[in-house]
Structure formats: structure tokens, C-alpha cells
Amino acid sequence: MNEENLFNNDQDMNSLKWVARFHLRYPFKTFYVLIGGIIEILLFLLPISITANVIEISIEGGRIANAKGQLWLLLGLAFVQAGLYFSVSFLNEVLAHRVTTDITQELFESLQYRSLTYHDSKDVGNIMARATGDTRTINIAISPAVRIIINLTIVWIVAFIITIRIHYILALITVIVFIIFVITTLIYSINILPLSAKSRENFAEISEVISSSLTGIREIKSFVATPWSKKKLLKTAIKYQKNIIKEQTKSAWFYPIFVVTFYAALMIVLSLYFVYKGLFGIGIKEVVLIAGFVSFLTGMSEEVQWTMWFLIRGKVSADRIYDIVSEKDPAAFEDGDMEFESNFATIEFKNVSFRYKDDLPYALKNISFKVEDLQTIAIVGPPGSGKSTITKLIQRLYLPTSGEILLSGKPISDYSNKSLRKNITTVEQDIFLFNLSVKDNIRYGKPDATDEEITNVAKIAEAYDFILELPNKFENLIGEGGVRLSGGQAQRLSIARALLLNPSILLMDDGASALDARTEVQIQKAISEILRTRTTVITTHRLAIIAKADLVIILENSEIVGLGSHEQLIRKNPYYRRLFEKHYELPALEGN
Amino acid sequence: MADKPTDKELLIYLWNIVKLHLKEFYLVIILLLLNVAFGTIAPLFFRKALDLIQKNETSTTLVIILTPLIAYFLLMLIKWFWEVFQNVFKAKLNAQITKDLRVKAFNGILENNLKFFDNSESGFLTSGLTNDINEMREAGQRFVDLFTSLFRLIVTIGILLYFSPKLTLASVVFLPIFFIVVFSLRKFQRRVAKVWRKNFATVNQRFSETMRSIAISKSFAREEENIKKFTNLNEETYKSSIKRGFAIFIIGPINDFFRHMLLIIILFVGTIETYNGNLDVATFYLFIFLMDFYYYPLLSLARNYSRFQSLFVNLERLLNVSENSEIKEINTSINESLKIAEKLHGEVEFKNVNFSYVEDTPVLKNISFHIKPGQRVALVGHTGSGKSTIAALIPRFYNISDGKILIDGVNIQNYELNSLRSVIGLVSQRVLLFKGTIRENMLIGSENASDENIWNALDAVQARDFIELLPNSLDFMVTEGGKNLSVGQRQMISYARVLLGKPDIILLDEATSAVDLYTESKIQDSTELLLKGRTSIVIAHRLTTILKSDFIIVLEGGEIKQIGSHKELLEQKGPYQDMYQLYFKTQSAKYLEKIKTAM
């Protein structure tokens, strides 16, 4: 973060305006907290003057009866002030939570509609740090940090009023000390800030090291890499410790408060001296007033140390969240308004090239092919050749870098997102199942599906039998606290999930090339049943499936090196033959 | 420390860490005493000056007046410096203790056995080592502060008793009531804080899960649904945070109210006492001046009590997972001297091995087999037949309670654990790459390998081509979990890093299941040389892989059904034959012709 730009840059105030806009949604609360807060702190100052009055009565040798009025006033004040204080501080807290809840909501919503290109470039851990840590900081900055700063300003103003009534020189000292205090506090806080930003960074590193070591514990144990892990943590922990010490040492030297301590002691000593000399007509009562007041002022100014820290950090946190909320999506595109018709679906790639990021090599180069309605196309090729990328492009999760994709003859960008999602579904390679019941996982894309529909697709996907073997059948929880499914089982659930939507285009990213015999047969059966009922794109290593496809695309190094039917390719295409020759007895190669 | 650690044990654990930093510890205490001493003595000079001026006797010269005034002035300033020093050393001490605590606990956890990790969530452990320990540091800071103010309280009450026992008692008698009120709120506070914490965690969890599954959300167009669900949770958390806010902010006004009451009592009794001549005005004011010195310590104790409690709760939780001998990985359970496993021949023998992860649910039943040095063995069977468990037992990820596993004729319990694992290479089904460069990921098991060795290993698994195309090649940054590489590519790297360690025994648990057939066969060819002379146990489903092995072990329901070569097994009537009929055969061209014509 750039400390110099912290306050003087106009651009930088945007995040504050943004936070302020949330406040303005709740004008009454905001107004009440501001005005109520000012009245409350003034009421809180009254006992100091009441004390001075009572002491004066004692000095003049007065009885308790003389002080009764003052004490009753104090008693009444105790109730009023406490009541007001509570309503203000509580409402302030409510407001702060309201605002941070809204901010979290906006952050969440803004992320939902970003392109996948955007999400690929973001680390989930990093975003989560903003969603949790930074919203908390903003919360504390709003309540109570802002209120404390407002209160303190009022107290200083009162200090000015008290001193000017005694002598303008004292008032002048007060003003000068206040200005020095404000300036030094700002300088101090801005100096502390980069240090605390750094320790936050270090802390995130620690968290990363710990979390990755614990999730990878099997690898670590099997490579006897515990010393490696321990060393890594020790290194980051020491770095963090050093930074914390540096930060806290610097923050312990909160020199602005020294100025205030100096001021308080000086005021007390001067006022006593004035009484002794009989100057300016002040007496013990005024000394008591001043002494009570400046001690209060000192105590309150001490709070500024952490308050300012939270305020500035709140500002940084607001920046961090605002950065995300206002960030431009590099791959955002306008949604089309054409509805994708569900009864007829062809797919055509015209010279499509694509890369995920500018600094990464092309994932697809100049790809052209066409799939007719109800046809099946199989994509084969070595790891990283671009198989999965093609299926992602058909879903319009990314737009091609160059070239054109046509669905049913129209450019893919013309369709509305909703109709595309409804009619194109996917069985992904890295299957993500939610920590929910089997049923909820299957109906993920169609929450209102009937039990019958769910059973139906489970049967087609060959998942029905193993689901019935689970203790709670369709209600059985999956994942943490539930059953852990094998790769083949997860894949079949994912097929059921995709089929439930009855899509006109089905994309299957079938990563596993070999599963145990029984599972393999079941999956082959499941897939075979689906083919020809809809336009299907499948990336697979299973020759039994590939052989059934109308069209096979062979990818290597992001390019098409073979295109045709299994019959043609197996006889003519050396790449295709190469894929299988070790595993099958192939017919003789034909020249062409 | 198998049982729940007692408070005494917790304190001893903490003290052992504090002991490492005694210099800072004593410095903090000395500075604390100085700070309090200067802070409480200064007001006495103020009282003296006030007294002198108020009595205004003719004998009082300017010097007599100025002496206490200057003393007060200087003491206040010097006190500020003591405070700064105290804070500096307090922070230093705290940071050091925190670091030690974190490192010690993390190291302790790493020594736990896999059973422990199977049963615990890594997210939970991580937050214990990060946030909980930070909370403890926070509590530690407050603890020193509390100690300071309690000490100040005692000194102040001593001073006030000296001046006016009556007024002191009048004001002190009143304090327990306040203390009880604030204290009794504690239960309520804890309850709402717990609810809030839970809700807050749920929101975060939902947020992070949604982010992690954003791609699938998008392909099912679930954005609106996600938002709707999130909104509900978010609003729920808002409600509970308001309750929590109420529990926290009710303290402030109560505190102010009681403070006013205290002031009324002091003013009331003080006025009477002064009128009766038992008290001079300066002392009267001293009571008011010092009021906060004996009021705030109690407030801070009441306020931070739960924080201190959580310090112990957190520490207890931490010790339970890091210092619990029951969950430690045991180097040996046999009372014989340990043998270092080095340059093994690779003979592996299972003798009547029974094993279960959870009691009464046997996973392996009476497993016996013998692999000669350098042999290649295929484990075949359906999901859940126990193949991966056999692989996990050889590097002693789990200890067996029944039967024996021998390597080179020595019970594996007799090998020093780390040396045993160093000579066994396991390429597991679930591939995990760490965030870092490809080079860092390769070097995990063999820190000193040269780039040349790394490339050789990568060549063997056919990974050179794609790595050379990546920006920065070996220094390409792999993201969390390896998500920016394809599944097949991740498998290749994880295979290569095992080869880099040149293990004597190699276990391949579906090592290339996501790689296409051509690449796989190329990997097979190029690893041939590397595997020669090493014992290898392969869990595979591919016919070509199985055909290459010396013998096959067929597992079903945790039992060995058949052992023998492909040819032998095909001739026997048994599960292998069924499996072949069912599946392996589908990998032949004739079968393909058949299904093609059937369509």
C-alpha cells in the first residue's frame, strides 16, 4: 500500500465515499449516533464541574446540606447519561454491523457475476481474508473508533472553552498542544501502518504454510519432509515475530501522548501556581476543575493510539474490499438476449484460439470443427493438450481469444447466459461435490426436482445401486461428516446431476482413464446410454466410448492433429494409432 | 499427557516457554513496578502542593511551593517513559512466547499419526495454530495490563487508607456490588458470543465454499441461488452480532453509572468528613483524583475475564492435539534397537496381516504374500477391496496390530521410521502439489537434487515438454493444490518427484490414471529402466500394466482370492477370470468391432 497517497489522493477517497453511502441507507441511526454521541460526552463532563462545586463548598466550610442539590443532580445525571450512552453506543454497534453485513453482501454478490478468467486469477484464501478480516476491521473502525475520535474532539473543544475563561494564554497553549497532538498522531499512525500491513502479510504466510502442510500431511510423511515443513514454519514464524516486535515497539513510542501528558502536568502546575500568586482570580475550585479535566483528557487521548490505528486500518481494509468490488473484470462480456432453443443443437468452432492469460502459452490454436445435432464428438489427446479447454469454451465460461464459436448457427455471445446454462450442462473432470446430501447434490442445478426425476437420473447414471447401499440412501451426507465417495461414484453422481437438467448439449470431461473393472463397466454403460439422446462432447481415454463417437478430434500441443471417425482415424492417422497401439491390436496402417 | 491436561500442567507448559525469555520477563516486571510506583506517588506531590496553597500559611515560600510542583511535573513525564519501556518489552516477550508456542505446537502436531489426521479437519487445526494463538497473545498483553492495574489498586488503597480509612472503606465497600453485576453478565456474554462465532464461521465457510466451487456454480447458473442462500446466512449473523453487541456495550453504561455512584459516595462522605474536620480538602480531592486507579482494575478484570478463560481453553485445545502421546506416531512398539533402513534389496513379505481403521470393521483379513527383491507385483480388485490400504501399511502410515510385515527379512517395526519412509516411494492416488514453484515441489523429498536430476526424473514421466512450455519452466508457480495444471500434469509431477528420491521400493497407486493411453505407455517405457532392480507394487486397472508384472494379487473384500501370473489366473475359475471377461477384454480391438456393429 502506498502511504503517501493515503489521504491526499482523490482517487483514494472513493472507498470512504463507498462506505459512507452504506451509512446513508440508515439516516436516522447515523444522525442519532452523531448527535447523541456529542450530547452524551458533554453530559459525561458535567460531574467534573459538580465535583469542583462540592469541593468549593467544603473549602468554604459548608455542610452536607449545602451540597445536596449538587449530589441529587449528579444522581439524576447518572441515569440520564448511562441511558443515553447505552442507546448511542449500542445503536452505533448495530449500525456498524449493518454496514459491514451490507459490505460483505456486496462483496459476495459482486464476485458471483465475475467471469471465470477473473476468478482464475484470484486466490480464494486472499479473497477470504478480505471477506473476514477486513470486514471486522471496518466494523471496529465504525464502532467504536469513529465515535471515540468525535468524543475526543469535543473534549478538546471544551478544554479550550474552560481555559479561555481563565486566561487567553492558557487557551492558546491548549490550541497549540491540540494541533501538535493531531499532527503527530497522524504522522505516527501513518508510520505504523506499513508495519502492521506487513505483519498481516506475514500472518497470512504462516496460515498458508500451516494449512498446506496439514492438507498435504500424507505427502509430507511419505517424503519424510517434516523437517522441511518445520523449517518453513520456523522461518515464517520468526519473520512474523520480528515484524510484530518492530511494529509494537514503534507503536509503544506513542509520542503524541507525551505532548498531552506534558500539557496536563503543565496545566495543573500552572493553575496551582496562579492560585498561589493570586493571579487571574482563580481559586482552588478552578484548580480542581482543570485537574479533573486534564486527567480525563489525557486518559481519553491515550485511547487515540489504538483508535487511530483501527481507523487507518479500517481505511486500508475498506480500500482492499473496494478494490475488489470496483475492480474491472478483464474478461467481462455483455450477455446476449437470444434464447438458446433446446430442441436443436449444433456446435461449430471456426479458427478458435484461446489462452487463459496473456503470459501463458496458447491452450488452443486455430481449432475448427462442427458437430451436428444429436451427434457425439470425442476429444482425445495427452494431458495439457487443451481437451478440457474446449468444453469450457462451449459453456462460454471463457470467450475465445480469436476465432468464433457458433451454437446452432448463431455466435455464442448472442445467447443469454441463462438459456445457455439451462441447455448445456457438464460433468467436470475435477468433480466438486458439496457437503450436502446425495439428493441435494443431484438436484444442485434444479432445486425443485421431484424424487421421481432424481431416482430416474440416478438410474441412468448407474448410481442408483450404490446410493441404496448407503446407510441413509438419498439423504446420506457426502464429504466431511458423511461418506467419502470413490472417484467412480463421484463421477456417476456428477453425471446424474448433469442429466437432471435434461440438457440439449452435454459436456463430459472424463478425466480418469482407468477405474476398477466393475466401476469402469458401469460408467461405460451409463455414458453409452446417454449418447445419441443429445448432442454430446466427451473428452475421454476410453476407447470403448471413443469408438462410438461420430467424430473424433485428436489434440496435441493445443492443435488438431486428426479429425474424423474412429474407423478412418484408426486406419490412417498415426497420432490416433499411437494413442492406442500399445493397448490394442490395431488393423494395418493404410497409406493416404 | 493422555488425559485432559490439568491447569497446573498448562501453567507448567507455559512457564517452560516463558523460562526461555527470563531476561524480558524480569524486565517487564521491574518496569511494571516502576511505572506503578511513579504513577501513584506523583498525585501525592499534587496533594502536598494543593494542601500548602489551600492552607496558605505565611511561612510558605515560593521554593516550598515549587518543589512538589516540579516533582509532580517530572514524575509524570518520567512515568511516561517507564510505560513505554514496559510496553516495548511486554510486546517483545509476548511475540517471542507466541512464536515458541506456535512452532512447538505445529511441530508436535506434525508428529501425530495418520489416524489423527484422518479424523480431524485441517481447517480446524489451522485456525487453532493461527487465530487461537493470536488470541492468546492478545490475552497475554491484557494479562500484563491487568497485573499492572491490580498492583496499582493495592498501592492506591494502601495510600488512601493511610490518609482516611473511613472514606476509603466507604468507597471500597461499594465495589463488590459493581463487580458482581458485571461478572454475572459474563454467562450471557459468553452465550451470545458463542452463537455469533458459530454464525460468523458459517458465513465464512459458505463464502469460501462458494468461491471454491465458482466454476460449477457458473455452469449450473446457480449465482442467484447462491446469493439467496448467502443472504440468509449473512442476515442471521447480523442478528447474532447485534445480540453480541448488546452484551458488550451494556457494560459501558453500567460502568459509567457505577462510577457516578462512587463519585456521589466520595463527595457525600468527603463533605461530611471535611466539615467535621477529619479530612483536609487536599486529601478529599486526592480521593477523587485517584478514583479511577481503584475503579478501572476491577472493570478490566470483569471485562477481560472471559478472555483469560479462553487463554486456558485455547491452550488446552492446543495441547490436546500437539502433546497427546496417544496420537503420536510411534517409532517402534518393539523393545529392540532400531535399524536404519538403507539400500534395501526390496524383499517384502506380509505374514497374516489383519488390519482395521475403525474397530470391528476389518479392512484387511489375513493377508500373506511374499515379493522377492526387484519383482513387480500388481494389486487388482474392486473399489474398497483393500489395495490402497496395503500400500499405506508398507511405509507404516498405520501400525498393524495383528500379523507381521517384513522388509528384507526385518519387521518394519524395527526400522527407524524416517529411514524406512525414505527408501519407499509412494505415488498416491490423490495428488497434492504445494503452492510454490515446480522445482520446490520436486525437491520436497530430496532437497539437494540438481536441476539435471530433476529434469531426468521429469523426462522419465514425459513431463519435460509441457514444463518447458510454461512461463519460467521449472520456476513456474503452482497455485494452491496445483489447480493451474491439468490433473494429468499434476500426476506426472508427483510421479517424477518420487522417482527423484530413488526409492528401493516403489508403490504406485493408480499413478497415471488421468493420463492418456499413449502418454502412459511412454511413461511405462521410460520408467522401465528406473524401475529395474527396484521392487514395485502397482495398483492398476490397465491390462498392459498388469501383463507386465511378475505376479498378480487379486483382492476382494479385504482378502486375497488369488495369487499368480496372468496366464495362471486366467486358467483358474475365479474373480480374475470374471474381471477379465467383464472388463479387461473390452480393451481389445475385437471387442470394439463387436460393439460397433451392435450399434
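The sequence lines fix the lettering, A, B, ..., with proteins before strands; numbering per chain opens at 1.
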Looking at chain A, which one of [options] has the largest number of heavy-atom pairs inside 4.5 Å, strictly under?
| options | result |
| --- | --- |
| Phe46(B), Phe257(B), Phe284(B) | Phe257(B) |
| Asn87(B), Leu114(B), Thr210(B) | Thr210(B) |
| Thr237(B), Leu263(B), Leu433(B) | Leu263(B) |
| Ile70(B), Val203(B), Leu129(B), Leu426(B) | Leu129(B) |
| Asn134(B), Leu485(B), Thr274(B) | Asn134(B) |
| Leu110(B), Thr479(B), Ile254(B), Ile250(B) | Leu110(B) |

Side chain / backbone / both / neither for [X] at chain A, heavy atoms under 4.5 Å:
| X | result |
| --- | --- |
| Ser208(B) | both |
| Tyr285(B) | both |
| Leu66(B) | side chain |
| Phe397(B) | side chain |
| Gln96(B) | both |
| Phe434(B) | side chain |
| Tyr72(B) | side chain |
| Ile288(B) | side chain |
| Tyr238(B) | both |
| Thr130(B) | both |
| Ser446(B) | neither |
| Arg497(B) | both |
| Glu224(B) | both |

Assess the pair Phe249(B) and Phe86(A): is the distance between their ring centroids shorter than 6.0 Å?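 No, too far apart.
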
Evaluation steps, salt bridge (Lys or Arg N to Asp or Glu O under 4.0 Å), between Glu111(B) and Lys221(A): CA-CA 9 Å; Glu111(B) 299 305 329; Lys221(A) 294 251 174 193; 5.4 Å; no

Under 4.5 Å from a heavy atom of chain B, the part of Tyr356(A) involved: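 The answer is neither part of Tyr356(A).
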
Considering only heavy atoms from C-beta outward, does the side chain of [X] approach that of [Y] to under 4.5 Å?
| X | Y | answer |
| --- | --- | --- |
| Thr104(A) | Phe230(B) | yes |
| Thr261(A) | Lys79(B) | no |
| Lys92(B) | Ile244(A) | no |
| Ile268(A) | Phe289(B) | yes |

Looking just at side-chain N and O atoms, do Gln105(A) and Thr231(B) make a donor-acceptor pair shorter than 3.5 Å?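 There is such a pair between these side chains.
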
Picking from [options], which has the most non-hydrogen pairs under 4.5 angstrom with chain B?
| options | answer |
| --- | --- |
| Asn417(A), Leu111(A), Val380(A), Ile127(A) | Leu111(A) |
| Trp228(A), Tyr575(A), Phe203(A) | Phe203(A) |
| Ser58(A), Gly299(A), Gly445(A) | Ser58(A) |
| Ala498(A), Ala291(A), Pro144(A), Ser295(A) | Ala291(A) |
| Glu247(A), Glu93(A), Gln112(A) | Gln112(A) |

Side chain of Lys435(B), backbone of Val209(A): donor and acceptor closer than 3.5 Å?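 A pair under 3.5 Å: no.
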
Looking at Ala82(A), is its backbone amide N or carbonyl O close enough to the side chain of Asp256(B) to form a donor-acceptor pair, meaning the two atoms are under 3.5 Å apart?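 No, because the side chain of Asp256(B) does not come within donor-acceptor range (under 3.5 Å) of the backbone of Ala82(A).
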
Check the angle between the aromatic planes of Trp80(B) and Phe258(A) and answer parallel, tilted or perpendicular using the 30° and 60° thresholds.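 Geometry flag for Phe258(A) against Trp80(B): tilted rings.
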
Could you walk me through whether Met211(B) and His119(A) pass side-chain contact (heavy atoms from CB on, under 4.5 Å), step by step? CA-CA 8 Å; Met211(B) 293 307 298; His119(A) 283 289; 3.5 Å; yes

How many angstroms lie between atom CZ of Arg137(B) and atom CD of Gln248(A), to the nearest 0.5 angstrom?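 One finds 6.0 Å between CZ of Arg137(B) and CD of Gln248(A).
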
How far does NZ of Lys99(B) sit from CD1 of Ile238(A), to the nearest 0.5 angstrom?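 Separation between the atoms: 4.5 Å.
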
